[in-house]
Amino acid sequence: GEGELWIEYEKLKKKLELEGIFDLDKKKKLPKFPKKIGIITSSEGAALRDILHIINRRSPHLISYLYPVSVQGRQSAKQIANAIADMNKMNEVDLLIIGRGGGSIEDLWSFNEEDVVRAIFKSKIPIISAVGHETDTTLSDYAADLRAPTPSAAAELATINVDEILQTIDYLQDRLISNVEMRVLNFFEKINGLEKRHAFYKPNI
């Protein structure tokens, strides 16, 4: 039952903590402007739809790769761990999002399996863990480089709103034009000042 699962959870958590699997200084930095994002989740779940919806809305220029896996059941942990390893071997993406929608502790258990946690830790690609709802915490969340409270939140954290980028570019362009105009005006004022000096009219005196 759930009591036995919690005992197993705490036992494995303590073991992995002692190995440094969850150490903050071992977390990888997420890329600020990823070009390609890998998604490891079920191809049929709401989590995938939520993630893709957010990515397409905020950063439609990004390329997303789905690696479909089972997210619960006997074979799911092995599939998730293999998917993380395979995505690292392919080295095609800048960032990985792994996760699923909410459920019971039994439903989410694959993300507490040691194989999955170690695969996350070994990944050279930064990983955002997005398992369940905000109140759910799995060992995968502790091992990941960043934990998102929901799959939708993971997509938000992974992307930058293209509208915000365009606004920033417009602001910087306006500042650049203004600074150039100010410098040109200052040069003209200096030239005018030099032209009015006495030496320009009577250079031999």
Side-chain angles (χ1 to χ4, degrees), residues 20 22-41 46-67 84 87-99 120-135 137 140-205:
F22 307 143
D23 288 359
L24 293 178
D25 61 356
K26 292 176 183 173
K27 305 293 184 189
K28 293 175 287 298
K29 236 180 144 181
L30 269 60
K32 192 170 184 181
F33 300 102
K35 296 177 181 177
K36 299 177 181 179
I37 293 178
I39 305 165
I40 298 174
T41 190
L48 176 62
R49 292 194 297 272
D50 292 343
I51 291 169
L52 292 177
H53 173 73
I54 298 294
I55 290 175
N56 291 332
R57 175 172 60 81
R58 286 172 59 83
S59 299
H61 60 283
L62 288 182
I63 299 172
S64 301
Y65 292 91
L66 170 66
Y67 195 122
I84 295 168
M87 291 297 270
N88 274 269
K89 286 176 188 173
M90 288 186 283
N91 198 28
E92 287 288 331
V93 299
D94 309 306
L95 180 65
L96 282 173
I97 297 174
I98 69 164
I120 292 170
F121 180 71
K122 289 178 184 176
S123 175
K124 294 178 181 177
I125 303 169
I127 291 178
I128 299 177
S129 175
V131 183
H133 300 305
E134 193 166 355
T135 54
T137 306
S140 290
D141 294 326
Y142 289 113
D145 299 294
L146 185 66
R147 184 240 177 188
T150 63
S152 294
E156 294 268 358
L157 292 166
T159 58
I160 290 182
N161 194 328
V162 70
D163 292 335
E164 293 175 8
I165 296 174
L166 293 174
Q167 287 175 7
T168 302
I169 291 172
D170 287 341
Y171 169 72
L172 292 174
Q173 183 181 15
D174 290 342
R175 277 194 63 184
L176 178 63
I177 293 171
S178 178
N179 287 338
V180 170
E181 288 175 345
M182 186 66 69
R183 290 188 67 127
V184 170
L185 184 62
N186 288 338
F187 281 127
F188 274 120
E189 288 177 351
K190 286 180 180 179
I191 291 170
N192 289 334
L194 290 171
E195 286 178 344
K196 292 174 182 177
R197 287 188 178 182
H198 188 70
F200 275 100
Y201 298 101
K202 298 180 179 180
N204 294 326
I205 296 176

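Keep in mind the model is a prediction, meaning the values are calculated, not measured.
Put simply, CG on Asp23 and OH on Tyr142 are 14.0 Å apart, with the number rounded to the nearest 0.5 Å. Put simply, CZ on Arg183 and OG on Ser178 are 12.5 Å apart, with the number rounded to the nearest 0.5 Å. The distance from atom CG of Leu52 to atom CZ of Arg49, rounded to the nearest 0.5 Å, is 10.0 Å. With values rounded to the nearest 0.5 angstrom, Leu172 atom CG is found 11.0 Å from Ile177 atom CD1. A distance of 9.0 Å separates CG in Leu48 from OG in Ser64, rounded to the nearest 0.5 Å. Put simply, CD1 on Ile55 and CD1 on Ile51 are 6.5 Å apart, with the number rounded to the nearest 0.5 Å.
For the salt bridge (charged side-chain N to carboxylate O under 4.0 Å, His left out) test, residues two or more places apart in sequence or in another chain that qualify with Asp145 are Lys28. Residues passing the salt bridge (charged side-chain N to carboxylate O under 4.0 Å, His left out) test with Lys35, sequence neighbours excluded: none. Listed by chain and residue number, nothing satisfies the salt bridge (charged side-chain N to carboxylate O under 4.0 Å, His left out) test with Lys122 (two or more places apart in sequence, or in another chain).
A donor-acceptor pair under 3.5 Å links the side-chain atoms of Asn88 to the main chain of Lys124, judged by distance alone. When atom types are taken as modelled, the side chain of Asp94 and the backbone of Lys36 share a donor-acceptor pair closer than 3.5 angstrom. Without hydrogens or angle criteria, Thr41 side chain to Gly99 main chain gives a donor-acceptor distance under 3.5 Å. Distance alone, capped at 3.5 Å, places no donor-acceptor pair between the Ser59 side chain and the Leu62 backbone.
The shortest heavy-atom contact between Ala154 and Ala130 is CB-CB, 3.6 Å. The shortest heavy-atom contact between Ser123 and Ile125 is OG-O, 2.7 Å. The two residues Ser152 and Ile54 have their closest heavy-atom pair at O-CG1, 4.0 Å.
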| said: For Leu30 and Leu146: C-alpha separation, side-chain torsions, deciding distance, then whether side-chain contact (heavy atoms from CB on, under 4.5 Å) applies. | reply: CA-CA 8 Å; Leu30 269 60; Leu146 185 66; 3.8 Å; yes
| Residues Ile63, Ile37; criterion side-chain contact (heavy atoms from CB on, under 4.5 Å); working and verdict | CA-CA 6 Å; Ile63 299 172; Ile37 293 178; over 6 Å; no
| request: Take Ile39 and Tyr65 through the test side-chain contact (heavy atoms from CB on, under 4.5 Å) and record every step on the way to the result. | output: CA-CA 6 Å; Ile39 305 165; Tyr65 292 91; over 6 Å; no
| said: For a side-chain contact (heavy atoms from CB on, under 4.5 Å) check, start with the C-alpha distance between Met87 and Ile40, then their side-chain angles and the critical distance, and finish with the verdict. | reply: CA-CA 9 Å; Met87 291 297 270; Ile40 298 174; 4.2 Å; yes
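Using a cutoff of 4.0 Å between basic side-chain nitrogens and carboxylate oxygens, Arg147 and Glu134 are not scored as salt-bridged.
Side-chain atoms of Pro126 and Leu96, non-hydrogen and from C-beta on, never get closer than 4.5 Å to each other.
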